[in-house]
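To find a chain, count down the sequence lines: A is the first, B the second, and so on, and within it residues start at 1.
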Amino acid sequence: MTARRRYWLMKSEPDAFSIDDLERVGTEPWTGVRNYQARNFMRDGMQVGDGVLFYHSNTAPPGIVGTATVASTAYPDPTQFDRDSGYFDPKATHEQPRWHLVDVAFERRFKRTITLDEIKAHADDLGEEFPLIRRGTRLSVLPVSAAQWRHLLSLE
DNA sequence: GCCAACGTTGGC
DNA sequence: GCCAACGTTGGC
């Protein structure tokens, strides 16, 4: 049985890791997520082949800049065990890892950024529950419905 | 750089 | 298990 393809939005600060960086390397382990809800989406929700909207945060203007695909099932984030990493977690052990990630593969860079402003302007079409435009939501990994995925791509 | 929002931590 | 303090996110 093949599960239906799911869709996600993943945020990255372009100064740290941009869509251009992803295009250069092709596939990247999505290290550094240290939020349980975001981790759960990766660990429990993602399947190889799922669609990812790549979002640039903390930049002007913030927005969706391209697409990627989920390229692995979830596995422990190696940076949690690395004392030299800023993502080191002293409470994580190999026996009981706290943080999981997936590999993300480059798919396409948009010709232009679908800005947060535009996305907000389409709030009625996307639905109230869309977490990206809900005030105070800081989730860096969040689910997108098939309808939202289609609608957001149509804005390009 | 500011700061509102909110998740996490740890003392009690 | 409450909740104040603290740290982080991310728009502006």
Side-chain angles (χ1 to χ4, degrees), chain A residues 6-25 28-46 50-70 74-145 148-149 151-156:
Chain A
R6 295 174 185 164
Y7 303 97
W8 310 92
L9 182 145
M10 298 173 88
K11 299 180 185 175
S12 186
E13 300 191 16
D15 287 349
F17 190 78
S18 70
I19 185 89
D20 293 328
D21 294 325
L22 184 62
E23 181 169 24
R24 195 170 311 120
V25 298
E28 178 76 3
W30 205 257
T31 55
V33 168
R34 293 297 180 266
N35 171 283
Y36 289 108
Q37 211 179 342
R39 177 205 66 184
N40 293 348
F41 286 135
M42 288 197 289
R43 190 187 61 184
D44 308 329
M46 288 191 179
D50 283 359
V52 174
L53 296 168
F54 198 105
Y55 180 91
H56 279 176
S57 65
N58 242 313
T59 188
I64 301 166
V65 293
T67 59
T69 56
V70 174
Y75 60 94
D77 180 342
T79 63
Q80 71 193 303
F81 309 124
D82 178 1
R83 290 185 177 280
D84 297 330
S85 167
Y87 297 126
F88 176 68
D89 184 342
K91 294 183 179 160
T93 65
H94 283 86
E95 292 70 34
Q96 284 204 301
R98 278 188 153 189
W99 306 108
H100 290 72
L101 53 68
V102 297
D103 293 342
V104 172
F106 177 81
E107 186 169 76
R108 189 165 71 86
R109 196 195 202 300
F110 293 166
K111 294 184 192 71
R112 62 180 203 88
T113 300
I114 299 171
T115 65
L116 182 60
D117 277 350
E118 290 174 76
I119 296 166
K120 284 178 177 167
H122 288 260
D124 288 349
D125 306 310
L126 293 165
E128 299 280 322
E129 76 281 9
F130 193 49
L132 185 68
I133 51 183
R134 211 166 48 204
R135 186 158 148 267
T137 300
R138 298 172 310 163
L139 265 184
S140 63
V141 177
L142 50 107
V144 175
S145 72
Q148 289 164 343
W149 170 270
H151 192 81
L152 288 165
L153 288 184
S154 79
L155 299 180
E156 184 189 4

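Direction of the helix axis in the helix from B:dG1-C:dC12 to B:dC12-C:dG1 shifts by 10° between the two five-pair termini, rounded to 10°.
Note: CH2 (A:Trp99) to C1' (C:dT8) measures 13 Å, nearest angstrom. Distance A:Leu142 CG to C:dT9 P: 15 Å, rounded to the nearest Å. Taking atom CG of A:Asn35 as the reference point, atom C1' of C:dG7 lies 13 Å away to the nearest angstrom. In this structure, A:Arg98 places its CZ atom 10 Å from C1' of B:dT9, rounding to the nearest Å. The interatomic distance linking A:Gln37 (CD) with C:dT9 (P) rounds to 15 Å, in whole Å. Atom CD1 of A:Ile133 is separated from atom P of C:dT9 by 22 Å (rounded to the nearest Å). For A:Asn40 and B:dT8, the CG to P distance is 10 Å, given to the nearest whole Å.
Here ring pair (Phe, Tyr, Trp, His ring centres under 6.0 Å) pairs that include residues 86-105 of chain A, with residues two or more places apart or in two chains, are A:Tyr36-A:Trp99, A:Phe81-A:His94.
Considering only residues two or more places apart in sequence or on other chains, A:Tyr55 meets the ring pair (Phe, Tyr, Trp, His ring centres under 6.0 Å) condition with none of them. With sequence neighbours excluded, no residue forms a ring pair (Phe, Tyr, Trp, His ring centres under 6.0 Å) with A:Phe17. Considering only residues two or more places apart in sequence or on other chains, A:Ser140 meets the side-chain contact (heavy atoms from CB on, under 4.5 Å) condition with A:Lys11, A:Val33, A:Ala38. Every residue meeting the salt bridge (Lys or Arg N to Asp or Glu O under 4.0 Å) condition with A:Asp89, not counting sequence neighbours, appears here in chain and number order: A:Arg98. Partners of A:Asp125 by salt bridge (Lys or Arg N to Asp or Glu O under 4.0 Å), not counting sequence neighbours: none found. Checked against salt bridge (Lys or Arg N to Asp or Glu O under 4.0 Å), A:Arg83 has no partners two or more places apart in sequence or in another chain.
A:Asp77 and A:Arg39 are not joined by a salt bridge, as no carboxylate oxygen comes within less than 4.0 angstrom of a charged side-chain nitrogen.
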Between protein and nucleotides 10-12 of chain C, what N or O pairs are separated by less than 3.5 Å?
residue	atom	partner	partner atom	Å
C:dG10	OP1	A:Lys11	NZ	3.0
C:dG10	OP1	A:Arg138	O	2.7
C:dG10	N7	A:Asn58	ND2	3.1
C:dG11	OP1	A:Tyr55	OH	2.7
C:dG11	OP2	A:Asn58	N	3.1
C:dC12	OP1	A:Lys120	NZ	3.0

